[in-house]
Amino acid sequence: MENLTKKDFVKILTEPKNSLVRQYIALFKTEKVDLTFDPAAIREIAEIATQVNERTENIGARRLQTAMNALLEEELFRMPNAKVKKIHITKEIVRDRLTDLVEDEDLSRYIL
């Protein structure tokens, strides 16, 4: 078996009818919050998942679920009481929220 590439991760995040991106958009929609992602943000999530899989245990596409949870954790906890109606995830937001986790190998091993 070959390791998944960044390109594979982008496809997994976006192409299936029940992709993770679509699942999170639907989850936020249940709370009347419009969640959107820049294409660059999705590529950055895929890049981070690739890096962490290379440096720690390679858990394949399951890495995407933990990355998405870490990325959206703050919004998920605030969402039921938030007045926010739109959330747009950019590449910069992905970097801000996930870079420290990626750089700290011990932390990424347990969180991502």
Side-chain angles (χ1 to χ4, degrees):
M1 291 186 80
E2 294 183 27
N3 291 341
L4 295 170
T5 66
K6 177 182 173 182
K7 185 177 178 179
D8 295 328
F9 281 130
V10 169
K11 285 181 179 182
I12 292 166
L13 282 167
T14 59
E15 290 184 8
K17 195 165 55 170
N18 62 343
S19 71
L20 279 175
V21 169
R22 289 184 181 142
Q23 288 179 37
Y24 276 95
I25 289 170
L27 175 64
F28 278 73
K29 194 169 279 187
T30 64
E31 296 292 333
K32 297 179 177 49
V33 176
D34 182 27
L35 175 66
T36 57
F37 292 83
D38 272 348
I42 292 170
R43 289 190 300 274
E44 190 67 16
I45 295 165
E47 176 62 32
I48 288 169
T50 303
Q51 288 175 15
V52 175
N53 269 350
E54 288 173 354
R55 290 186 21 219
T56 64
E57 181 181 1
N58 186 345
I59 61 171
R62 291 174 294 187
R63 181 77 62 205
L64 294 172
Q65 179 67 48
T66 57
M68 292 290 282
N69 278 339
L71 172 64
L72 297 169
E73 181 179 42
E74 184 177 321
E75 282 81 7
L76 287 166
F77 282 108
R78 285 187 318 166
M79 191 170 39
N81 300 318
K83 304 267 190 268
V84 176
K85 294 298 171 199
K86 291 187 179 195
I87 299 170
H88 185 69
I89 303 297
T90 64
K91 180 179 181 177
E92 292 74 26
I93 290 171
V94 173
R95 283 185 178 169
D96 287 346
R97 295 187 184 175
L98 299 182
T99 298
D100 288 345
L101 295 175
V102 172
E103 290 176 355
D104 186 331
E105 192 169 330
D106 290 333
L107 201 53
S108 65
R109 188 178 313 267
Y110 295 104
I111 294 177
L112 292 179

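Computed from heavy atoms alone, side chains included, the values below leave out hydrogens, waters and symmetry copies. For this chain, numbers begin at 1 and follow the sequence in order.
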Under 3.5 Å: donor-acceptor pair, side chain of D8, backbone of T5
yes
Do L72 and F28 make a side-chain contact, defined as non-hydrogen atoms from C-beta onward lying under 4.5 Å apart?
yes
Member of T36, V21, L35 meeting the side chain to side chain contact (heavy atoms under 4.5 Å, CB included) criterion with I89
L35
Heavy-atom check, side chain of K91 versus side chain of D38, under 4.5 Å
no
Please round to the nearest 0.5 Å and tell me the distance separating atom CG of L64 and atom CZ of F9.
5.0 Å
In this structure, CD of Q23 is separated from CG of N18 (nearest 0.5 Å) by 5.5 Å
With distance as the sole test, does R22 use its side chain to make a donor-acceptor pair with the main-chain N or O of P16 at under 3.5 Å?
yes
Starting at CD1 of I12, measure out to CD1 of I42 and round the result to the nearest 0.5 Å.
13.0 Å
Here the gap from I87 atom CD1 to I25 atom CD1, rounded to the nearest 0.5 Å, amounts to 11.5 Å
One should read off an interatomic distance between K7 NZ and T50 OG1, to the nearest 0.5 angstrom, of 13.0 Å
Is a side-chain donor or acceptor of T14 paired with a backbone partner of V10 at a separation under 3.5 angstrom?
yes
Residue pair T66 / N69, side-chain donor-acceptor N/O under 3.5 Å:
no
Report yes if the side chains of I45 and L20 come closer than 4.5 Å at any heavy-atom pair, otherwise no.
no
Starting at CD of E75, measure out to CD of E73 and round the result to the nearest 0.5 Å.
10.0 Å
Indicate yes or no: at least one non-hydrogen side-chain atom of E44 is less than 4.5 angstrom from one of L98.
no
Closest non-hydrogen atoms of A41 and T90, given as atom of the first, atom of the second and distance, are CB-C, 3.5 Å
Is the closest side-chain heavy-atom distance between V94 and F37 below 4.5 Å?
no
